[in-house]
Amino acid sequence: MKKYLISSILLLSTSLVFAQKQESSGFTPGKLWLDNKGVHINAHGGGILFHNKTYYWFGEHKVEGEEGNKAMVGVHVYSSKNLTQWKDEGIALSVVEDTTSLLVKGCIIERPKVIYNKKTKTFVMWFHHELKGQGYKAALTGLAISKKITGPYQYIKSINPNAGNWPMNFPDSFKKADPKLNVEGMKWKSPEGQKLLAEGYFVRRDYSKGQMARDMTLFVDDDGKAYHIHSSENNQTLHFAELTDDYQNFTGKYTRVLEGKANEAPAIFKKDGKYYMISSGTTGWDPNPARLSVADHIQGPWKELGDPSRGTEAQNKTTFWSQSTYIIPVMGKKNAFIYMGDRWTPKNAIDGRYIWLPILFEDGKPILRWFDQWDLSIFL
Ligand code: DGJ
């Protein structure tokens, strides 16, 4: 028995050392990714904040089984100096037992992103928030703040943003609020559905109560202005919304982007003055081909550039079996960006894998290629 115990401990420690060695030598997309405690990183739908020479990775903490698709714990945070070895910094935002709180255990928290507000010296987290027992109906965006990057974050509110404001690129002729508009069962891809969308059906319906906000990201521009970018209008159109100077509210200035094109999972980066977005289509937890778009201004107009994947047909069809969540600018390297995607495993949510790939440029266009293993030396 003693002998068996010793050999199992030895085996475990060798595999840990091996796994950690693998991590320090680079990225191995899709493989288990162990943190400093030897546990697979638990930060899905995540985003990265670089602060004080350290990267912080915030993401959804999942538990085992299908239950893990709900928020049973909260938002997990890890830190790293080199993007490959991550230290567990604990739970940044916790769900609560209090059933009167919107943040009650069993609600849905997805795609948390954190940005730092220099003026207020506050870390600001926004996340897609759905209410317990209501599926994806509420389409809220939640706000939590902290003076310390790793938290604990204090939950502030969840809202449907931009209530009482029309999109900046909405023609005057469409500006008729109509909360009673109801077209149950509409096929949004049909000509009739597309017409309704083009005429801003959801924007008009939700004008007074605020717009729907599901898959989201945050982007801070060089001038310090921050934008909350989310799938709105029943996931049919993206909204690019400006945040107030403290990043804790919406200014009401927002644009509709790629109307009726059904984009989810927006991830943005800026290179040589141009904004690029990788997003996905809407197929639930299943992957689909990524979409690349470009703009001269963050709030658009955005132009579609097609599929950025350069793999086999099967790889392109599934974006290397992943869905975008964030694009990381690599510090200290020029024009170095990492695509950060999730390989979802909804039947056992905790086992979701991370697909991080270098963004390469071909003919000036960002593209993705598969690597079983790669490291930062790929960037010049
Ligand atoms: C796709 C989204 O991108 C995910 O964040 C999640 O909301 C799933 N849909 C749920 O089906």
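All ligand and atom numbering here is 1-based and tracks the order in the structure. One-based numbering along the sequence shown.
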Given Lys225 and Leu243, is the side-chain contact (heavy atoms from CB on, under 4.5 Å) satisfied, shown in steps? CA-CA 7 Å; Lys225 264 197 192 310; Leu243 292 174; over 6 Å; no

Considering distance alone, does some N or O of Asp215 sit under 3.5 Å from an N or O of ligand 1? yes

Pairing donors with acceptors under 3.5 angstrom, does anything connect the side chains of Asn288 and Thr283? yes

Rounded distance (nearest 0.5 Å) linking atom NZ of Lys132 with atom CD of Gln134: 11.5 Å

If only atom types and distance count, is the side chain of Gln299 paired as donor or acceptor with the main-chain N or O of Phe240 below 3.5 Å? yes

for atom 9 (N) of ligand 1, nearest protein heavy atom and its distance come out as Gly284 O, 3.4 Å

Taking only heavy atoms of Glu264, which atoms of ligand 1 are found under 4.0 Å from at least one of them? 1 (C), 2 (C), 3 (O)

Against heavy atoms of Tyr136, which atoms of ligand 1 measure under 4.0 Å? 7 (O), 10 (C)

Specify side chain, backbone, both or neither for Arg111, according to which of its non-hydrogen atoms lie closer than 4.0 Å to ligand 1. side chain

Check: Ser322/Tyr339 side-chain N/O donor and acceptor closer than 3.5 Å: yes

Can you list the atoms of ligand 1 that are under 4.0 Å from a heavy atom of Glu110? 4 (C), 5 (O), 6 (C), 7 (O)

Short version for His128: what comes under 4.0 Å of ligand 1, heavy atoms counted, is neither

Glu130 and salt bridge (Lys or Arg N to Asp or Glu O under 4.0 Å): which partner among Arg214, Lys70, Arg111? Arg214

